[in-house]
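For reference, the structure is listed below as structure tokens.
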Amino acid sequence: MLDKLEAINQRYENVNEELMQPDVMSDLKRYKSLNKEYKELGKIVAQYRNYQQVLSNIENAREVIATEKDQDFREMAKAELDELMPEQERLEEVIKDLLLPKDPNDSKDVIMEIRAGAGGDEAAIFAGDLQRMYMRFAEKQGWKMELMDAMEGTAGGYKEIIVAVRGEDVYGKLKFESGVHRVQRVPATETQGRIHTSVASIVVIPEVEEFDVELNMGDIRKDYFCSSGPGGQSVNTTYSAVRLTHLPTGLVAQCQDQKSQLKNFDKALAVLRSRVYDMELAKKNEADGLVRKNMIGGGDRSDKIRTYNYPQGRVTDHRIGYTVYNLASVMEGNVDDFVEQLRIAESAERLQEGVTK
């Protein structure tokens with residue numbers, strides 16, 4: 001492991017030097033690629049250097065215990081060694097996890113699509129609750145969330161809302177949120193106090209750069225129309241809303257959030273580009289036999305992944321059988337436990353795959 005870590009450390013230094021070269025700084029595509037690699041390697045190198053320091057301190061403590069004649073010094077060294085040994089084990093586990101093969105999309109930003117499903121108005125309200133939950137989570141992570149498009153529900157919430165979430169390791173933390181989310185509660189419109197079950201579906205796809213997927217603008221049909229919904233007088237009188245159709249795949253993306261047609265076009269194009277990338281990636285994974293059918297799911301958008309039960313204050317993730325009884329806190333954006341448990345499950349599976357290959 002130490003040899004591998006030293007090689008990573010050397011690559012980290014080499015990439016740092018490359019980033020300083022004028023020819024690299026003038027090549028945006030290469031610069032972004034190297035900068036991404038530098039950040040990823042930096043996480044491993046930081047832990048490696050901590051590990052080296054701990055190993056050095058352990059060696060020094062053992063030397064004191066073996067050679068020092070003063071009893072007090074030896075006792076101090078033993079006490080230090082008792083603290084250092086668990087820290088060595090902890091860092092080894094952290095480094096092993098960092099060295100596991102990662103999804104290359106984990107560091108990407110995401111396009112998150114939330115749609116109301118079965119349940120009528122209550123489903124739309126629940127979709128709005130989920131959007132607020134993820135907005136709070138994004139704030140806690142220091143991420144930025146940008147509205148791409150939305151269709152409001154008649155009684156509140158959203159029939160559909162699409163947002164971009166940008167920050168560090170966004171896809172790596174949100175990718176397992178794709179699927180069907182189910183809520184069990186008494187709707188505000190229910191006069192008999194009966195518990196209803198409603199659902200909303202979530203799709204999380206990596207947001208890609210232009211050089212990740214090339215779109216031929218000749219393959220895209222552009223439709224312009226008047227926006228609908230709130231936004232002032234100009235909303236319904238100017239053709240600012242944009243709908244883009246990718247003719248080879250039939251994929252459609254639209255945006256009507258901005259008053260500017262150009263801004264709506266840019267947003268719709270970003271969504272369309274990510275959807276095309278997601279479709280092509282799914283085809284490639286299937287062709288390579290890489291579709292993962294495991295306990296955390298293959299990202300099937302029809303999978304029921306989580307239930308939010310209001311009467312019991314319970315949230316259950318069905319893929320890993322993980323339940324918490326702090327629903328109010330979860331809906332305020334405290335979904336860290338689920339993100340971490342799903343990450344641990346994925347790491348365990350990747351480790352198991354490495355052992356069996």
*More than 12 non-hydrogen atoms from neighbouring residues, nucleotides or ligands closer than 6.0 Å to CE on Met331, yes or no?*
yes

*Report whether Leu147 and Val110 are members of the same hydrophobic cluster (ILVMFWY, side-chain heavy atoms less than 4.5 Å apart, transitive linking).*
yes

*Tyr224 atom OH, neighbour heavy-atom count above 12 within 6.0 Å*: yes

*asked:* Distance alone, cut at 3.5 Å: any donor-acceptor contact between the side chains of Tyr277 and Glu207?
replied: no

*Derivation of the side-chain contact (heavy atoms from CB on, under 4.5 Å) call for Val324 and Arg314*: CA-CA 6 Å; Val324 298; Arg314 169 176 58 83; over 6 Å; no

*Show your working on side-chain contact (heavy atoms from CB on, under 4.5 Å) between Tyr171 and Asp109 and close with a plain yes or no.*
CA-CA 6 Å; Tyr171 185 72; Asp109 299 330; over 6 Å; no

*Using atom types as modelled and distance alone, determine if a side-chain donor or acceptor of Trp143 lies under 3.5 Å from a backbone N or O of Glu168.*
yes

_I'd like to know if the side chain of Asn105 reaches the main chain of Lys108, judged simply by a donor and an acceptor atom lying under 3.5 Å from each other, with no hydrogens or angles considered._
no

_CZ/Arg221: more than 12 non-hydrogen atoms of other groups inside 6.0 Å_ = no

*For the side chain of Ser178 and the backbone of Val204, is there at least one donor-acceptor N/O pair under 3.5 Å apart?*
yes

N/O donor-acceptor pairs under 3.5 Å from side chains in residues 123-132, not counting sequence neighbours:
{"from": "Asp129", "atom 1": "OD2", "to": "Arg185", "atom 2": "NH1", "distance (Å)": "3.0"}
{"from": "Asp129", "atom 1": "OD2", "to": "Arg185", "atom 2": "NH2", "distance (Å)": "2.8"}
{"from": "Arg132", "atom 1": "NH1", "to": "Glu332", "atom 2": "OE2", "distance (Å)": "3.0"}
{"from": "Arg132", "atom 1": "NH2", "to": "Glu332", "atom 2": "OE2", "distance (Å)": "3.2"}

_Are there over 12 heavy-atom neighbours, none belonging to Lys4, within less than 6.0 Å of that residue's NZ?_
no

*If you round to the nearest 0.5 Å, how far is OG1 of Thr316 from OH of Tyr322?*
10.5 Å

*asked:* Please check this pair: side chain of Ser329 against backbone of Asn326, looking for a donor-acceptor N/O pair closer than 3.5 Å.
replied: no

*May I ask you to test the Asn50-Val94 pair for a side-chain heavy-atom distance under 4.5 Å?*
no

*asked:* Are the side chains of Leu174 and Val339 in contact, using a 4.5 Å heavy-atom criterion?
replied: no

*Nearest heavy atoms of Lys36 and Pro104, plus distance in Å*: NZ-O, 3.2 Å

*Apply the test side-chain contact (heavy atoms from CB on, under 4.5 Å) to residues Glu160 and Ile114: give CA-CA distance (whole Å), side-chain angles for both, the deciding distance (0.1 Å), then the verdict.*
CA-CA 6 Å; Glu160 176 182 279; Ile114 305 174; over 6 Å; no

*Which value, rounded to the nearest 0.5 Å, describes the distance between Glu18 atom CD and Glu37 atom CD?*
8.0 Å

*Quick check: does any side chain N or O of Arg243 sit under 3.5 Å from a backbone N or O of Lys222, one acting as donor and the other as acceptor?*
no

*Judged by modelled atom types alone, do Gln10 and Asn14 share a side-chain donor-acceptor pair under 3.5 Å?*
yes

*Do Thr307 and Arg182 have a side chain donor and acceptor closer than 3.5 Å?*
yes

*So which heavy atom on Asn9 is nearest to which on Arg49, and how close?*
OD1-NH2, 3.2 Å

_Steps toward side-chain contact (heavy atoms from CB on, under 4.5 Å) verdict (Gln261, Val242)_ = CA-CA 7 Å; Gln261 186 184 91; Val242 178; 3.9 Å; yes

*Qualifying residue, where the test is salt bridge (charged side-chain N to carboxylate O under 4.0 Å, His left out) with Arg90 and the options are Glu92, Glu87, Glu93*: Glu87

_Quick check: is Leu247 connected to Leu244 through a chain of hydrophobic side chains (ILVMFWY, heavy atoms under 4.5 Å apart)?_
no

_Partners meeting ring-ring contact (aromatic ring centres under 6.0 Å, His included) with Tyr51 (sequence neighbours left out)_ = none

*asked:* Can you give me the closest heavy-atom contact between Ala164 and Met148, atom names plus distance?
replied: N-CG, 3.6 Å

*Compare all side-chain heavy atoms of Val271 with those of Cys255 and state whether any distance is below 4.5 angstrom.*
no

*Out of curiosity, does Val15 fall in the hydrophobic cluster containing Leu28 (side-chain heavy atoms, cut-off under 4.5 Å, transitive links)?*
no

*Would you call the rings of His181 and Tyr308 parallel, tilted or perpendicular if under 30° counts as parallel and over 60° as perpendicular?*
parallel

*So with a 6.0 Å cut-off around NZ of Lys140, is the heavy-atom count from everything else above 12?*
yes

*asked:* If you define the side chain from C-beta out and look only at heavy atoms, does anything of Arg30 sit under 4.5 Å from Asp23?
replied: yes

_Approximate separation, where rounding is to 0.5 Å, of Glu177 CD and Ile305 CD1_ = 5.5 Å

_Pair Glu146 + Arg166, salt bridge at N-O below 4.0 Å_ = yes

*Could you state whether Met151 and Met135 fall into the same hydrophobic cluster, counting links through intermediate Ile, Leu, Val, Met, Phe, Trp or Tyr residues with side-chain heavy atoms under 4.5 angstrom apart?*
no

*Cluster overlap Leu84 with Met76, hydrophobic side-chain contacts below 4.5 Å*: no

*With rounding to the nearest 0.5 Å, note down the distance linking OH in Tyr48 to CG in Leu2.*
6.0 Å

_So Met1 and Leu99, do their side chains get closer than 4.5 Å, heavy atoms only?_
yes

*Give a yes or no on whether Gln21 atom CD has more than 12 heavy-atom contacts from other residues, nucleotides or ligands under 6.0 Å away.*
yes

*asked:* Between His196 and Val186, is there a side-chain heavy-atom distance shorter than 4.5 Å?
replied: no

*asked:* Tell me the closest heavy-atom pair linking Arg275 and Ile162, and the distance in Å.
replied: NH2-CD1, 3.4 Å

*CG on Asp317 to CZ on Arg306, rounded to 0.5 Å*: 4.5 Å

_So does Gln52 get a backbone contact from the side chain of Ser56, meaning a donor-acceptor N/O pair under 3.5 Å?_
no

*asked:* Under 4.0 Å between a side-chain nitrogen and a carboxylate oxygen: does that hold for Glu68 and Arg74?
replied: no

*Measure across Ser107 and Asp169 and return the closest heavy-atom pair with its distance rounded to 0.1 Å.*
CA-OD1, 3.7 Å

*Does any non-hydrogen side-chain atom of Glu340 lie less than 4.5 Å from one of Ile344?*
yes

_Under 3.5 Å side-chain donor-acceptor pair for Thr245 and Asp223_ = no

*asked:* Rounded to the nearest 0.5 Å, what separates atom OG in Ser240 from atom NZ in Lys263?
replied: 12.0 Å

*asked:* How about NZ on Lys43, more than 12 heavy atoms from neighbouring residues, nucleotides or ligands closer than 6.0 Å, or not?
replied: yes

*Does a donor on one side chain sit under 3.5 Å from an acceptor on the other, for Glu75 and Gln71?*
yes

_So, applying salt bridge (charged side-chain N to carboxylate O under 4.0 Å, His left out) with Asp106, which one of Lys175, Lys173, Lys39, Arg343 is it?_
Lys175

_Closest non-hydrogen atom pair, Val315 against Phe338_ = CG1-CZ, 3.5 Å

*Is a donor on one side and an acceptor on the other found under 3.5 Å between the side chain of Arg273 and the backbone of Ala268?*
no

*Does Gln256 offer a backbone N or O that forms a donor-acceptor pair with the side chain of Asp149 under 3.5 Å?*
yes

